[in-house]
Amino acid sequence: MNDAAAQPDFSKGAAWVRGRYVPIADATIPLTDWGFLRSDATYDVVTVWDGAFFRLDAHLQRFAASCAHFRLNPGRSNEELAEVLTQCVRLSGLKRAYVEMIVTRGQPSWGSRDPREAVNQFYAFAVPYVWIANEAQRERGLHLRISDVPRIPSSSVDARAKNYHWHDLTQGLLGALDEGADTVVLGDGAGHIVEGPGFNVFAVDAAGAIVTPSSGILEGITRRTVIEIAQTLGLALQQRALPAAELRAAREVFITSSAGGVLPVTQVDGRPVGDGRIGAVTRRVTQTYWDWHKDPRYSRAVDYMAGA
Ligand code: PLP
């Protein structure tokens, strides 16, 4: 075996696992970590686009707030976290990446059921950029179902703290896929739309005003970006309860996520949204979203050569 053959292959992604960088295929956590056994973890996802992080500071801030909410501790400053994330990207060499940071509860001593005794564990990884919608779906617009599975109430698990309590979202998604839709949005059980599996929702009404749910949601960084874009472009935007009937009657609908940015929706519950084509507001907001990736206010270049 020559030296080159012995080098770890990070080309499919790199991870930080308990003090070591490993290829993504070798990134594992112990079976007994409560992050696995109880979904007792928090996380955040930031992206790298054309060699630069997009809104890394906002993601780190939200991650810190999620950690505080669940009483989880990554054991590192934001700058130290940023360095681990950057090194994962650097090792992978990926110019467009999906970068996840995670803190799990860890595991208390054997027999103990006291979460305070657990040593929290920090994990991170960078893999190729992930899209919620494939290319064909992005071109024609997503077909969305409104599920009758209500989202876990925020009084039980606060949706503002990013978490892996996804059974409601997955159940709703399976139902929507079975019915031939592409994805799903859940409600609050009282007739209002909240969010979908990994994304926030926006509707544009007949007067051109944009509406997005204000509560029961993860306050997405992409959602925040769209709110700021609307301000910049002088578009009216309201954050308030969004009745399901209003989403069904909307002139345009789009969803937002770090995994794909602003994504058009052209069918809701089997009926066309507006004239069934991607609308002008959606196109404008999408264009600005990608333009802002080159804006130094939001982007932080990855130094791929540092330490090489
Ligand atoms: N809502 C949920 C439940 C999510 O998991 C996510 C992202 O993963 C979002 C919304 C969108 O958040 P962001 O725009 O920060 O990716």
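Numbering of ligands and ligand atoms starts at 1, following listing order.
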The answer for which part of W166 has a heavy atom under 4.0 Å from ligand 1 is side chain
Ligand 1 atoms nearer than 4.0 angstrom to some heavy atom of N200 are 10 (C), 11 (C)
- prompt: What do you reckon, is NE2 of H165 surrounded by more than 12 foreign heavy atoms closer than 6.0 Å?
  reply: yes
inquiry  = For ligand 1 and R62, I'd like to know whether there is a polar contact (N/O to N/O, distance under 3.5 Å).
reply    = yes
*For Q287 and R284, run side-chain hydrogen bond (donor to acceptor under 3.5 Å, both in side chains): C-alpha distance rounded to whole Å, both residues' side-chain angles, the deciding distance at 0.1 Å, then the answer.*
CA-CA 5 Å; Q287 183 61 50; R284 226 177 138 201; over 6 Å; no
Heavy-atom proximity to atom 9 (C) of ligand 1 ranks first, among G198, P197, G196, for G198
task = Consider every N or O of S258 and every N or O of ligand 1, then say whether any pair is closer than 3.5 Å.
result = yes
Sequence neighbours excluded, the answer for side chain to side chain donor-acceptor pair (under 3.5 Å) partners of S154 is none
Note to self: I'd like to know if the side chain of R251 reaches the main chain of G274, judged simply by a donor and an acceptor atom lying under 3.5 Å from each other, with no hydrogens or angles considered.
What the structure shows: no
| Backbone or side-chain N or O of K162 under 3.5 Å from ligand 1 N or O | yes
Among E195, E219, E100, closest by heavy atom to atom 2 (C) of ligand 1 is E195
Taking only non-hydrogen atoms of G220 and a 4.0 Å limit, the atoms of ligand 1 in range are 12 (O), 13 (P), 14 (O), 15 (O)
Could you tell me whether T222 and ligand 1 have an N or O pair separated by under 3.5 Å?
yes
For Y43, the ligand 1 atoms with a heavy-atom partner under 4.0 Å come out as 5 (O)
query = Just distances here: any N/O of I221 and N/O of ligand 1 closer than 3.5 Å?
reply = yes
The reported gap from OG1 in T222 to CZ in F199 (rounded to nearest 0.5 angstrom) is 12.0 Å
_Tell me whether D269 contacts the main-chain N or O of I146 through its side chain, where contact means a donor paired with an acceptor under 3.5 Å._
yes
Side chains of S112 and D114: donor-acceptor distance under 3.5 Å anywhere?
no
Taken to the nearest 0.5 Å, the spacing of Q171 CD from D168 CG works out to 7.5 Å
